[in-house]
Structure formats: structure tokens, C-alpha cells
Chemist: 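My questions will all concern the structure given below.
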Amino acid sequence: MKRNKFIQITENIWEIPTDFKPGMRVPARVLSSGELIDGIDDRVIDQITNVACLPGIRRYALCMPDGHVGYGFPIGGVAAFSVDEGIISPGGIGFDINCGIRLLRTNLTYDEIKPKQEQLLDELFRTVPSGVGSSGYLKLNNDQFRQIMQQGVNWCRENGYAGYHDVEHIENRGCLENADASVVSKKAISRGINQMGTLGSGNHYLEVEIADPKNIYDKATARRFGINLDNQVMVSVHCGSRGFGHQIATDYLQVFDKYSKQYGLDVRDRELMSAPIKSEEGKRYFQAMACAANAAFVNRQLIVHGIRKAFRKIFSASEADLGIETVYDVAHNIAKFEEYEIDGRRETLLVHRKGATRSFGPGRAEIPEDYRDVGQPVIVGGSMESGSALLCGTTVADHETFGSSLHGAGRTMSRMKAKKIMRGDALQDKLRQKGILVKTGYIRGLAEEAGYAYKNIDMVVDAVDNIGISRKVARFYPILNIKG
DNA sequence: ATGTGC
């Protein structure tokens, strides 16, 4: 690997020039602290420079500090394509379409919930189904599921599963336009229809966390986001569109494969299978992707409904007293049409974010009104050992990274390797000693998600804070975690 | 990530 070709632009930005390998249309940029750059897998460099070869790509192919190897694109990849010449790529969005995080605030403090935390964990585990193949409590008919696909969280609002405040604090208000259920396969629908309100498996989780007053980096912004108590209880939910989005990605990869000769796209890696944005198949995938994105917003909303129910039961308290409100809900795996300035003129681009978060700065109309003068909340999920971070979007991101920032800590270790280091039950004991109670239906797999399998979240967050594409607001530490 | 793979 010709790492000597990397050009250090600033302390935490590394550029890979177009002469790194043949076919690169734009440079690649890897965002990383100097400390972490050597740890970035050669395959990630391979993947992000492959992305830089894709037709219609603009400015840079970007890799966030939490980047690691994914299907075709690295997880942590951001790439924007011109509508006229560009492509849409399922590998640039991810199999789990609109995997994302919902962050909730509460009126409770650690002292208030500690005596009942075991009961709370059990109740949450009962209320929110998790694990591979899990199904939800909602029995939906085809017509209801079609409405979910096309109307997203508006369906939840009309059916008593969401409040006005929830809808206003979700990216895109929980509904992507252009969602068209007629381009979604029966197979995808049959996999998705019984999975709404379920957590899934792998790195998906439901976590109860504490906002440590010593690590509120920006008190004024934190207060704006509803963090206003010492040791306040927060809840975060990390999950996506389950088998539904996975099937849509699979379906359209197959369609794109079938038409690949006709498109004549020069794609370096089979996993980068794409279609022109303007092709009929490309348009259909975008509409189907929007259906999966909407289902994922609904999935997280239904889980929130379950969380509220569980808290009400355990604390025998009213909705108003508990104050469980949505701080924000971000998509981590999605593609969106957005406008940027390229070579002095405004252009609409299809921005692919795969394991990356939108990070819009103050003033943007897409940000909820009550946050608009501050910037968009950027929710960064960590491991069950390290907790998570809350950041805020900036104008720098709008200019430098197509309004994007990081999404998590980033894996450093394969699941297999992580399982060899420690057994799941031993890890569970170790976490309990640290004050973190973990419940899972798959104890043998727990070590796959151990803290040691991830980069240090504070280091990757510091890198984006330093670059300026989002700024630190608060840090949350886990006390209860449910893993699928 | 995923009714986890040739």
C-alpha cells in the first residue's frame, strides 16, 4: 500500500490523490487523527479509492474517522454523485437501509432509577423484541404496511404511536417522499410486515444511559437538546429496517447485475454494483430505498412507544411526569438528493451516506425549528462499554463533507476475533462489575460487541470536532443495554 | 446488517 502518497491536508485530513491508482476521477479523503490513520485497514483504502472511480462522483470520496471495511463501500463512507452522470449504489447505502439512532431524553436522574434498574431492564427486554428473526407485537395487514412504507412516521402519528414532538424531531420528519410501494417485492414485504417494532441483532441495541455532568462539553446546546439535569437518564435505540431493507438491497443488486452490461458502467468491484441515477431501475431502487427508510423510522418509533410503556409501568408514572421525548432521530445508511456548490455553481447531488450521519449546520430549513439556530443533532453510537456521544452539525460540514459526519466508534476487530478474546458470559460479568447491566437472547455472541472490538469513541469524536464537521455537545455512559 | 454460507 502506497501510503507515502497520502497528503496530509490538515492535522486530521488525509488526501489520497488521483494518481494513487488508475481510474480515480476525484481524490479520496480519509478523516482520521494521526494516531489512528495507521490502524486503518488497507482494504478500506482500497474501497474508498474504488468509490473515487465511480461515474459522476463529485469533489472527494470521503471516509469518516470511524471507517471500516464494508460491502463495496467502507462503512463510514460518504460520496456524492451528479444527477446527470452519476450512479446510485446499494453498496453505498448499506444492506440495512436507514439503520440509525433515536435518542430520547427523560425527566429522570440516575438516583431515581437505580433502585429499579433490574426491573426496568427486564421490562424493556419483554416489551421490545430482539434477536435474529424476531417479530413484533403489531399485526399489520398489507394496506397498513403500504401506508408505513409511503407515509413513514405519519402513520404512527395517525395511529397513536407518535406525538407531534416526535415527528418534528426525526430526520425528514420520518418520511422520505418518493417512496413507492409498487416497486417493492412481495418477498421484501413478507419479511418486513411482522418485524415492525423489533430491535434486530448484531450491533443493534437499546441502551439506557446517563448524561455525566462532567462531560457536557456545551451546556447551552445540551440544554437546547433537552439535557438539563445532572446525571439525567437518556435512552438510545440503534436499529434499522430489519429483513425488509435487506431484501430490497438484495433485490436491486440482482436487478442492477442483470442490466449491468446495458449501463456500461466501469465498476471496479462487483460489490459496487450500481445503476445510473436516471435509469428506470435506478429510479425504482431509490423509491424502494425510500420505502425501507420510512419503515426504519417507523420501526424506531414503535420501539419508542414500547419504551414509554415500559417506563410507565415500572415507575407507575404518567407520560408527562416521565418526559420521555425525542431529542432527535438520525439515519446512518441512506442516500438523499441535496444541493451543494461545486466549482462555483449549485448542483443537485445524490449523497450516499453509509455509516455516516447528516451534520447540517445552523440555519438549514431541514433542521427542526427549535434547533435551527444551533444546528442538527448528530448522534454517535459507541459500544455497550463506552456509551455514546451527542454532537451538533456545522457549516463546515456543509462545505467540506456534503453535510456529513461520523456515526459510531468503528470496529477494529472482526466478530470472530472478538469472540476468541473473551466469552460472552464473562464479558457480561465484567460489565456488571462496572455498573453496566446487559441482557441478550444470544449470550455467546455478546463478545462480538465488546468495547475492545471498537475504536476509542472519544478519539474519533475528537477528530471530527477538530476538523470542525460537527462539534461536541455531550457524552452519555451506559447503565442498561439490550442486545439482540 | 441478514429467516447469517458454496
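To find a chain, count down the sequence lines: A is the first, B the second, and so on, and within it residues start at 1.
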Chemist: What does A:K354 touch in the nucleic acid at a heavy-atom separation under 4.0 angstrom: a base, only the sugar-phosphate, or nothing?
Modeler: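 Here A:K354 touches no strand at all.
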Chemist: What is the distance, rounded to the nearest whole Å, between atom CG of A:N299 and atom P of B:dT2?
Modeler: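 Spelled out: CG on A:N299 to P on B:dT2 is 10 Å.
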Chemist: Please state how far atom CG in A:D96 lies from atom P in B:dT2, giving the value in whole angstrom units.
Modeler: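 Rounded to whole Å, this separation is 6 Å.
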Chemist: In whole angstroms, how far is the P atom of B:dT2 from the CD atom of A:Q195?
Modeler: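 Computing the A:Q195:CD to B:dT2:P distance gives 8 Å.
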Chemist: Listed by chain and number, what are the side chain to side chain contact (heavy atoms under 4.5 Å, CB included) partners of A:A290, not counting sequence neighbours?
Modeler: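 A:L176, A:A179.
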Chemist: Write down the distance between NZ (A:K419) and P (B:dT4), rounded to a whole number of angstrom.
Modeler: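 After rounding, the reported distance stands at 14 Å.
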Chemist: Check whether the ring centres of A:Y328 and A:H169 lie less than 6.0 Å apart, and answer yes or no.
Modeler: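 No; A:H169 has its ring centre 6.0 Å or more from that of A:Y328.
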Chemist: Find the distance A:E449:CD to B:dT4:P and express it as a whole number of Å.
Modeler: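 So the CD-P distance, A:E449 to B:dT4, works out to 18 Å.
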Chemist: Looking at every strand, decide which applies to A:G94 at a 4.0 Å heavy-atom threshold: base, sugar-phosphate, or nothing.
Modeler: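 Result for A:G94 = nothing.
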Chemist: Write down the distance between CZ (A:F95) and P (B:dG5), rounded to a whole number of angstrom.
Modeler: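 Computing the A:F95:CZ to B:dG5:P distance gives 11 Å.
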Chemist: What's the CD1-P distance between A:I248 and B:dT2, to the nearest Å?
Modeler: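 Distance check: A:I248 CD1 to B:dT2 P gives 14 Å.
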Chemist: Taking only the side-chain nitrogens and oxygens of A:S201, find out if one of them lies under 4.0 Å from OP1 or OP2 of B:dT2.
Modeler: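 Yes, because at least one side-chain N or O of A:S201 sits under 4.0 Å from OP1 or OP2 of B:dT2.
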Chemist: What's the spacing between A:H407 NE2 and A:M64 CE if we round to 0.5 Å?
Modeler: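 Reported value, rounded in 0.5 Å steps: 11.5 Å.
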Chemist: Using a cut-off of 4.0 Å on non-hydrogen atoms, how would the nucleic acid contact of A:G240 be classed: base, sugar-phosphate, or nothing?
Modeler: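 A:G240: no heavy atom of the nucleic acid under 4.0 Å.
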Chemist: Round to the nearest Å and state the distance from A:Q254 atom CD to B:dT2 atom P.
Modeler: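 Going from CD in A:Q254 over to P in B:dT2 covers 20 Å.
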Chemist: Can you list everything that forms a side chain to side chain contact (heavy atoms under 4.5 Å, CB included) with A:V267? Sequence neighbours excluded, please.
Modeler: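 Residues passing side chain to side chain contact (heavy atoms under 4.5 Å, CB included) with A:V267: A:L54, A:L265, A:L272.
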